[in-house]
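Please read all numbers here as calculations on a predicted model, not as lab measurements.
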Amino acid sequence: DWIGDLTTAFNHGVEQLRPKERIRETFGKCGDPRIVASMISDDAASAERVDRRIVTVFFSDIAGFTSISEELAPGAIVNLLNNYFSAVTAPIRASNGIVDKYMGDGVMAFWSPPFSEGDSHAASACRAALAQQDAVEQLNKELPNILGLRRGTPVLSVRMGLATGEAIVGTMGSATSKTFTVMGDTVNLASRLEGANKIYGTKI
């Protein structure tokens, strides 16, 4: 009867959802969950689209991290970075930003429609940068316990650069390996502004 057909259809739908949910949960830790969700959706072709958009790009780097890492055991370095990335990633995602990649101790992120509404992404990125600086201050207080050090605990100081402008946004890469990213002069400018902090003694 129609109730039996409806029940069968519902159960079949649930069975199809479970693998997708596991994929989204697992690979959402390796990339932004929203991008993973779009790639495994029924409209996955839209995730392959490349557009030119106004975006805000963010770069950050821990000052003197090479010197810090030379004083720590490999396990302590990984523990430090994992806690650091957790602290700074949360404000980015909370403000609808996308973490593009981790590069050593560096972070690249961007804010772009449709994930960030309208023209609000520049302000969202700035607020996220301020929140990250607060998170780093709190992390510095917790580092002695995290690293198990009573003395000689490193103090993290993070430099950040932000730029808003036009960029190409979309899924790029080879036939076997692709990533959702941004490219263009705005990306280069954000990276250079992060480096300019060294000259001016600033953090953002």
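- In this structure, Val78 is not a member of the same hydrophobic cluster as Val136, with clusters built from ILVMFWY side-chain heavy atoms closer than 4.5 Å.
- Shown are Ile98, Val107, Asp100; of these, the side chain to side chain contact (heavy atoms under 4.5 Å, CB included) with Ile92 is made only by Val107.
- The two residues Asn197 and Gly161 make their nearest non-hydrogen contact at ND2-N, 4.5 Å.
- Here the side chain of His121 pairs a donor or acceptor atom with the backbone of Ile54 at under 3.5 angstrom.
- Here Gln138 contributes atom CD and Leu143 contributes atom CG; the two are 10.5 Å apart, rounded to the nearest 0.5 Å.
- One distance of note links CG of Asn83 with CG of Leu147; it measures 8.0 Å at 0.5 Å rounding.
- In this structure, Asn79 contributes its side chain and Ile146 its backbone to a donor-acceptor pair below 3.5 Å.
- The two residues Ala125 and Leu162 have their closest heavy-atom pair at CB-CD2, 3.5 Å.
- When the side chains of ILVMFWY residues are joined at heavy-atom separations under 4.5 Å, either directly or via intervening members, Ile168 and Leu189 end up in two distinct hydrophobic clusters.
- Nearest heavy-atom pair, Thr181 versus Phe110, reported as atom, atom and distance to 0.1 Å: CA-CE2, 4.2 Å.
- Between Thr153 atom OG1 and Asn145 atom CG the span is 9.0 Å, to the nearest 0.5 Å.
- Atom OH of residue Tyr84 and atom CG of residue Asp105 lie 7.0 Å apart, to the nearest 0.5 angstrom.
- With respect to Glu70, the side chain to side chain contact (heavy atoms under 4.5 Å, CB included) criterion is satisfied by exactly one of Thr66, Ile68, Leu72: Thr66.
- Of all heavy-atom pairs between Leu81 and Gly104, the closest is CD1-O, 4.4 Å.
- Cluster membership check: Leu193 does not share its hydrophobic cluster with Phe59, using side-chain heavy-atom separations under 4.5 Å among Ile, Leu, Val, Met, Phe, Trp and Tyr.
- Checking Arg127 against Ser95 by side-chain atom types alone, no donor-acceptor pair falls below 3.5 Å.
- Of all the heavy atoms in Phe85 and Gly106, the pair that sits closest is CE2-O, 4.0 Å.
- Smallest separation of non-hydrogen atoms from Trp111 and Ala128: CZ2-CB, 3.6 Å.
- The cluster map of Ile, Leu, Val, Met, Phe, Trp and Tyr, joined by side-chain heavy atoms under 4.5 Å apart, puts Leu156 and Val88 in the same cluster.
- Side-chain atoms of Ile77 and Phe65, non-hydrogen and from C-beta on, do get closer than 4.5 Å to each other.
- For the atom pair CZ (Arg53) and CD (Glu166), the distance works out to 12.0 Å, reported to the nearest 0.5 Å.
- Crowding of Met183 atom CE: a count of heavy atoms from other residues, nucleotides or ligands under 6.0 Å not exceeding 12.
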Yes or no on side chain to side chain contact (heavy atoms under 4.5 Å, CB included) for Gln132 and Val158, after CA distance, side-chain angles and deciding distance?
CA-CA 9 Å; Gln132 286 179 77; Val158 182; over 6 Å; no
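- Of the possible donor and acceptor atoms, none in the side chain of Asn140 sits under 3.5 Å from a partner among the backbone N and O of Val155.
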Applying side chain to side chain contact (heavy atoms under 4.5 Å, CB included) to Lys203 and Ser157, what does each step give before you reach the verdict?
CA-CA 8 Å; Lys203 290 188 175 180; Ser157 178; 3.6 Å; yes
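- Taking CE of Met108 as the start and CE of Met103 as the end, the distance is 7.0 Å to the nearest 0.5 Å.
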